Enquirer: 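Once you've had a glance at the structure underneath, I'll fire off some questions.
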Number of protein chains: 2
Amino acid sequence: MNKGRVTVIDIAHAAGVSKSTVSLVLQGSSLVNEATRAKVNAVIRELGYVYNRGAANLRQAKSKIVGIVVNDLTNSFFAELAVGVDMVVQSAGYVQFLSNTGESIDRQREVVASMREHGISGLIVSPARGTEAADFKSLTNAGIPVVIVVRNIPGAKVSSLVSDNFAGASAAVEHLAGLGHRRIAFMGGFANTAVFAERLGGYRDALAKAGIAFDDDLVVATAPSRAGGVEAVGRAMLLANKPTAAVCFNDAVAFGVCDGLRARRLEPGVDFAVVGFDDVIEAESAVPALTTVSVDPQGMGRRAAQLLLKQINSGKVEAEAIVSAVRLVVRQSCGAGLDTTARRVVS
Amino acid sequence: MNKGRVTVIDIAHAAGVSKSTVSLVLQGSSLVNEATRAKVNAVIRELGYVYNRGAANLRQAKSKIVGIVVNDLTNSFFAELAVGVDMVVQSAGYVQFLSNTGESIDRQREVVASMREHGISGLIVSPARGTEAADFKSLTNAGIPVVIVVRNIPGAKVSSLVSDNFAGASAAVEHLAGLGHRRIAFMGGFANTAVFAERLGGYRDALAKAGIAFDDDLVVATAPSRAGGVEAVGRAMLLANKPTAAVCFNDAVAFGVCDGLRARRLEPGVDFAVVGFDDVIEAESAVPALTTVSVDPQGMGRRAAQLLLKQINSGKVEAEAIVSAVRLVVRQSCGAGLDTTARRVVS
DNA sequence: GTGATTATTTGGAACGTTCCAAATTTTGTC
DNA sequence: GACAAAATTTGGAACGTTCCAAATAATCAC
């Protein structure tokens, strides 16, 4: 009725108290008498009051908003990561700005700036390729904590949470070697990324430990997508000395590899062993179920959010670098599928 | 330096003008002299000023924030939808709150309330199952436009954008019948949803038109996921009179059906025809490429966002119900794969 | 009942912006 | 150079909250 918006003052008026008291009630302060609290709450419900956080943020400092920007939301890995973040952020009473950069660094800059104007009190970012350490300088200078996930940025003075890519790839190779494979390919991924380098490093290391010579022909870099996987098998099968197994850059590539194998009348898990990386949700239900390095993207999202909230609350912005442990989940696609009850980790 | 935050007043001071002038510059007003504008902008850059939208919103009404809530972000369909929304929202200078409900109606209520407190000026929602028309009443009462996508809610006085489920399923059946199939199953999806009912309706209608008797055994409802697809083939293949083709509730189910077929040594597109629904991004690159009803989730997201922005800007909140046309994209999984150059629509 | 405690409540004064009406400067005309 | 018109600039007064210091009310001990 009056004007439009119902404000604390209207409530105060209707409840016969001062606006300060209403404010106290809103914040759940213990200073206020039980009877008045009840009355105020009743009036609040009655008038359909909605809290105006914008106004509140003007006085307070803590905004109950965090930002999360990912480089490719259409990739299940990042979608799950976002869901993980959402879960903890939501139950902490925060709300998240989420934006997709599509690997565009300009877009990333824009959305981060925009989020900042909107007053985020923290940022989780899976940086677009080519992001520099300086890009988050202004955030951290302003005391806004930043957590980088998935892809690390050398030299950035912010917290990071990445998975143990080296150990993961290494475990995959070790497992395949244990099954008797000698021609093990590394398929998919863009060669000029840190993640690629780390996983390839683990691959080479494990190869060496297993006494298998590294063969440059067996690493075939493609887009880290399903289509890239199809392409990768195609290229690998042109070799004179064909591989009999592959560790893939990620699960999307692995699925593509399976598709490509079948297009050649080879059955993954029978005629050729494939292991993925990430343990995306479909990995378990696919046929054959994908043997993969479990990164638990959702769990990673949750951990990232927890780390961020911790930093927001503690006020101190000291960088913390966490590398998250991974473990190989053996299912059917590697041909060792004895234990079909293997389940994904939910930490 | 001074306190912490740089404000318009600091800028005004440093530039030797009044705060009002700075404000004018910020808004790109044409009232201000070119020379002063330049000076002010220089100072802004120099002092590292960041605009405080929260404060601005206190005075203005339009908040440059929209909310989007989806029921399952881990489903590529919704992830792509969100990306589509993000694209247009971003380039309109807005920023989006995104939340995932995971089909929980309580969570949905919470996040919508929270978004509202944060001052969204519009909401796009793919409602959780069981959402009622009344749930958005308070939003619309406050003049905040709401656009419902994907799943319609009968009786809700808000705009909606859904795909033509009836026509899509119908086209799929017609196509399969045209290829000579008589035992066509309908696989996947929860039976008690509007979308299921619409698609099943299209299926039955097309069956009738093709002169094929409807067989209750051939509709096998399961979860609308990859695992559900696997389950569906399993059940269908137990029938005495087995199907030779299936139209699936969505692409996830269709992929599951392919998996299940292969687990039975049947090759999709050769021994059994499968057509999906949605045209998720992987549909094109999967092997065999999936014949599916193209819903173009990203395009739908874009359209929803455009519709919402239009309503926000025009100020009038009159509901508009759009049913988005779909078209069958014939690829390989239906066995008619002659034209391999079929491409997805990007409107 | 009195003074001291403790428990509640309460008016401003912020916070950083935008808006309005009015003031000032510049430009143009004769 | 005086006057009008146009262009530019500018002080408050909002916006809806939270804080603070201080006021008031309730309770206690004697």
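Nothing here was measured: the structure is a model prediction, and the numbers come from that model. Just so it is clear: chains get the letters A, B, ... in the order the sequence lines come, proteins before strands, and each one is counted from 1.
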Enquirer: In chain order, what residues pass the side-chain contact (heavy atoms from CB on, under 4.5 Å) check against B:Q90, with sequence neighbours excluded?
Expert: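 Only A:S99, A:R107, A:V111, B:D86 meet the side-chain contact (heavy atoms from CB on, under 4.5 Å) criterion with B:Q90.
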
Enquirer: Can you name the side-chain contact (heavy atoms from CB on, under 4.5 Å) partners of A:A55, sequence neighbours left out?
Expert: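 For A:A55 the side-chain contact (heavy atoms from CB on, under 4.5 Å) partners, ignoring immediate neighbours, are A:N52, B:L58.
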
Enquirer: Name every residue in residues 28-39 of chain B that has at least one heavy atom under 4.0 Å from any atom of DNA chain D, in order of residue number, or write none if there are no such residues.
Expert: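 Within residues 28-39 of chain B, the residues near DNA chain D are B:L31, B:V32, B:N33, B:T36.
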
Enquirer: With respect to the phosphate group of C:dT17, does any side-chain polar atom (N or O) of B:Q27 fall under 4.0 Å of OP1 or OP2?
Expert: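 B:Q27 to C:dT17 OP1/OP2: no side-chain N or O under 4.0 Å.
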
Enquirer: Is it the case that the base of D:dT18 and the side chain of A:R59 share a donor-acceptor contact (distance under 3.5 Å, atom types as modelled)?
Expert: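 Yes.
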
Enquirer: Which residue pairs pass the ring-ring contact (aromatic ring centres under 6.0 Å, His included) test with at least one member in residues 95-119 of chain A, sequence neighbours excluded?
Expert: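 ring-ring contact (aromatic ring centres under 6.0 Å, His included) check on residues 95-119 of chain A returns A:F97-A:H118, A:F97-B:F97.
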
Enquirer: Check whether any side-chain nitrogen or oxygen of A:S18 sits under 4.0 Å from OP1 or OP2 of C:dG11, and answer yes or no.
Expert: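 It does not, given that no N or O in the side chain of A:S18 lies less than 4.0 Å from OP1 or OP2 of C:dG11.
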
Enquirer: Nucleotides 20-26 of chain D: which of its N/O atoms have a protein N/O under 3.5 Å away?
Expert:
none

Enquirer: Pick from B:S23, B:S30, B:S29: which one makes a side-chain hydrogen bond (donor to acceptor under 3.5 Å, both in side chains) with B:Q27?
Expert: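 It is B:S23; the other options fail the test.
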
Enquirer: Base, sugar-phosphate or nothing for B:T7? Non-hydrogen atoms, less than 4.0 Å.
Expert: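 Answer is sugar-phosphate: B:T7 comes under 4.0 Å of backbone atoms only.
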
Enquirer: Per the side-chain hydrogen bond (donor to acceptor under 3.5 Å, both in side chains) rule, which among A:Q311, A:K310, A:E320 passes with A:S159?
Expert: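 Checked A:Q311, A:K310, A:E320 against A:S159; only one passes side-chain hydrogen bond (donor to acceptor under 3.5 Å, both in side chains): A:Q311.
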
Enquirer: Please produce a list of atom pairs where a protein N or O lies less than 3.5 Å from an N or O of nucleotides 24-27 of chain C.
Expert:
none

